[in-house]
Student: 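Below is the structure I would like to discuss, written out as structure tokens.
Just follow the structure's listing: the first ligand is 1, and inside any ligand the first atom is 1. Nothing fancy with the numbering, it's 1 onward along the sequence.
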Amino acid sequence: MRYNARVSDSRKPWGGRFAAPTAVPVEQFTASVGFDARLYRQDIACSIAHARMLAEQGVLKVEDSQRIVAGLEEIRTDIEQGRMVWDVALEDVHMNIEAALRERIGDTGARLHTARSRNDQVATDLRLYLKEEIAGLLGQLEQLLELLAVRAREEADTLMPGMTHLQYAQPVTLGHHLLAWFEMLLRDRGRLVDCHGRMDECPLGAAALAGTGFAIDRERSAELLGFARVAQNSMDAVSDRDFCIEFCSASAMLMMHLSRMAEELVLWSSPAFAFISLPDELCTGSSIMPQKKNPDVPELVRGKSGRVYGHLVSLLTLMKAQPLTYNRDNQEDKEPVFDTVDTVRACVQMFALLIPAFTAHRERLRELAGSEYMTATDLADQLAAQGMPFRDAHRVVAQAVARAMAAGCPLDQLESLEVDAAVLAPADSVRARTHTGGTAPDAVRHAAAQALERIRDA
Ligand code: ARG
């Protein structure tokens, strides 16, 4: 990005009532163009819609509006081709683009800011930006959900130890485990869809805070910008950033889930577990230990969850003591929002690479699924099904497990099991769990097929 260091107070749209130029350190301190230039596309779209609406309403002459629109389109090209010189003295993306317009088309450019304020402008730009990014993120999430459902179907018969307390608990299938991840992310998608729907309203027309006396058509501005509706209160429209907070909240939850999934990939790929291997192209090495292959990608996803939680807390704190309406505090909303977008989208992208690419060590997983007396619950269940109260059945089997452990043998090799039931193999244990949400291979295949439909339905 190119910056102009020169102090150019005469170009400041608000300079009229000031007798002295802004102190240079204050200019630096208050400027946001270093980061909000990222909103240039939305800012130009917002201005074009505003100019069109003003012309349709007879507030601007049609020729003026056309010159403004053409000028703004040329500025967009300039920005995209790296020809725009951003000036810190012009504070932000809005005043930089407006100044560029005046330079390009002269005094007509000065008519654009009729019936609006940077307050409704920035509130509109940011909503437009977030709506687009959320739509992109939702596309990525859908792809990841699909990859999970497909991989779950492939692993429907893959036995593995299911854990509670990180201790071996009961046999499950890997497909079932992957569908647990699917459910987590599907809810995250729902939260993002909800917040997208709630932020889909256009603040334009709210102006500084009190609306405007010009004969504007707010519905038309909203329509031109693709908003579902118009924000209903001018003071609320320029002031609240709850839509940013809600996005960061949904993102924090998504990152929490991705971090849990990442943690499992890290554990599973450790030789201590050896459940899976990650492919070389998704791992990195050590600069000192020549033999190392590290799961840095899931580790970084786990690590990056921290910054998104931080952004959520920043925004909540930024907002909580602001009196109505707009306060400059709100300029601090952008960097947390931008970094959340970048972080979450990158992490979902990484998972879309990881999910289809890891190798499940099926033989080892099957062996482990048959270890550690993990079908003891099935044994107790059989006794209970025969009429023994479950608590008694639990005690009988627990005592048998204690004896087997002392003898160092599996349950079915105990001298006398003293119960009229068979110790189940892990495959039989999972096969019995055919109910909705169960881990039986058939149930998993069915759930995976439904999962693919649920992605499309929602
Ligand atoms: N750069 C400002 C922001 O991001 C734009 C709005 C400025 N409004 C004002 N009244 N100073 O919030």
Side-chain angles (χ1 to χ4, degrees), residues 1 3-4 8-9 11-18 21-23 25-47 49-50 72 75 79 84 86-101 112-131 133 199 202-212 221 225 231 234-245 247-248 311 314-341:
M1 199 180 274
Y3 285 101
N4 193 347
S8 52
D9 264 62
R11 300 170 75 219
K12 285 192 173 85
W14 49 253
R17 61 98 62 221
F18 285 80
T22 320
V26 170
E27 240 169 27
Q28 301 283 343
F29 184 71
T30 53
S32 57
V33 66
F35 47 85
D36 67 14
R38 183 162 171 172
L39 295 173
Y40 78 89
R41 269 195 312 108
Q42 292 78 14
D43 195 66
I44 288 174
C46 176
S47 291
H50 183 64
L72 287 167
I75 291 167
I79 296 172
M84 175 83 168
W86 300 96
D87 190 342
V88 169
L90 291 169
E91 280 185 31
D92 54 25
V93 61
H94 324 290
M95 297 207 319
N96 269 271
I97 290 175
E98 196 186 318
L101 183 68
L112 168 62
H113 213 58
T114 312
R116 77 166 185 188
S117 151
R118 275 185 296 157
N119 295 354
D120 58 345
Q121 202 178 343
V122 71
T124 306
D125 291 0
L126 203 50
R127 278 177 175 82
L128 280 176
Y129 165 83
L130 259 186
K131 275 177 53 187
E133 290 293 345
M199 75 174 67
C202 186
L204 274 189
L209 75 160
T212 171
S221 308
L225 288 169
S234 68
M235 295 174 76
D236 171 55
V238 294
S239 138
D240 209 341
R241 296 294 182 264
D242 61 345
F243 65 100
C244 299
I245 300 176
F247 166 69
C248 285
H311 297 324
S314 297
L315 292 179
L316 284 166
T317 313
L318 170 73
M319 202 71 240
K320 80 174 182 65
Q322 286 193 46
L324 284 171
T325 57
Y326 176 86
N327 302 278
R328 192 63 177 269
D329 313 41
N330 277 346
Q331 184 164 288
E332 289 291 308
D333 60 3
K334 285 164 206 70
E335 286 167 294
V337 165
F338 294 157
D339 190 65
T340 299
V341 164

Student: Mind listing the closest non-hydrogen atom pair of Asp329 and Leu318 along with its distance?
Tutor: O-CD1, 2.9 Å

Student: Would you compute the distance between atom CG of Asp242 and atom CG of Leu315 and round it to the nearest 0.5 angstrom?
Tutor: 11.0 Å

Student: Picking from Thr124, Leu126, Asp236, what satisfies side-chain contact (heavy atoms from CB on, under 4.5 Å) with Pro203?
Tutor: Thr124

Student: Should the proximity of Lys334 to ligand 1, defined as any heavy atom under 4.0 Å, be assigned to the side chain, the backbone, both, or neither?
Tutor: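 The part of Lys334 near ligand 1 is the side chain, not the backbone.
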
Student: Within 45 degrees of the ring normal and closer than 6.0 Å to the centroid, is that where the cationic atom of Arg38 sits relative to Phe338?
Tutor: yes

Student: Taking the side chain as everything from C-beta on, heavy atoms only, tell me whether Ser32 gets closer than 4.5 Å to Glu91.
Tutor: no

Student: Does any N or O atom in Glu91 lie less than 3.5 angstrom from one in ligand 1, N or O only?
Tutor: no

Student: Hey, does Gln331 come in under 3.5 Å of ligand 1, counting only N/O atoms on both sides?
Tutor: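 Yes, at least one N or O pair falls under 3.5 Å.
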
Student: Return the closest protein heavy atom for atom 8 (N) of ligand 1 as residue, atom name and distance.
Tutor: Asn119 OD1, 2.9 Å

Student: Show me which atoms of ligand 1 lie under 4.0 Å from any heavy atom of Ser32.
Tutor: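 So the answer, numbered in order with elements, is 1 (N).
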
Student: Return yes or no for this condition: an N or O of Arg241 is under 3.5 Å from an N or O of ligand 1.
Tutor: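 The answer is no, given that Arg241 and ligand 1 share no N or O pair closer than 3.5 Å.
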
Student: Please write down residue, atom name and distance for the protein heavy atom closest to atom 5 (C) of ligand 1.
Tutor: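 Checking every protein heavy atom, the shortest distance to atom 5 (C) of ligand 1 gives Asp92 OD2, 3.4 Å.
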
Student: Indicate the atoms forming the closest heavy-atom contact of Met84 with Asn96, along with that distance.
Tutor: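 Where Met84 meets Asn96 most closely, the heavy atoms are CE-O, 3.7 Å.
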
Student: Among protein heavy atoms, which lies nearest atom 11 (N) of ligand 1, and at what distance?
Tutor: Arg118 NH2, 3.5 Å

Student: How close does the nearest protein non-hydrogen atom get to atom 6 (C) of ligand 1, and which residue and atom is it?
Tutor: Tyr326 OH, 3.4 Å

Student: So which heavy atom on Asp120 is nearest to which on Val238, and how close?
Tutor: N-CG1, 3.8 Å

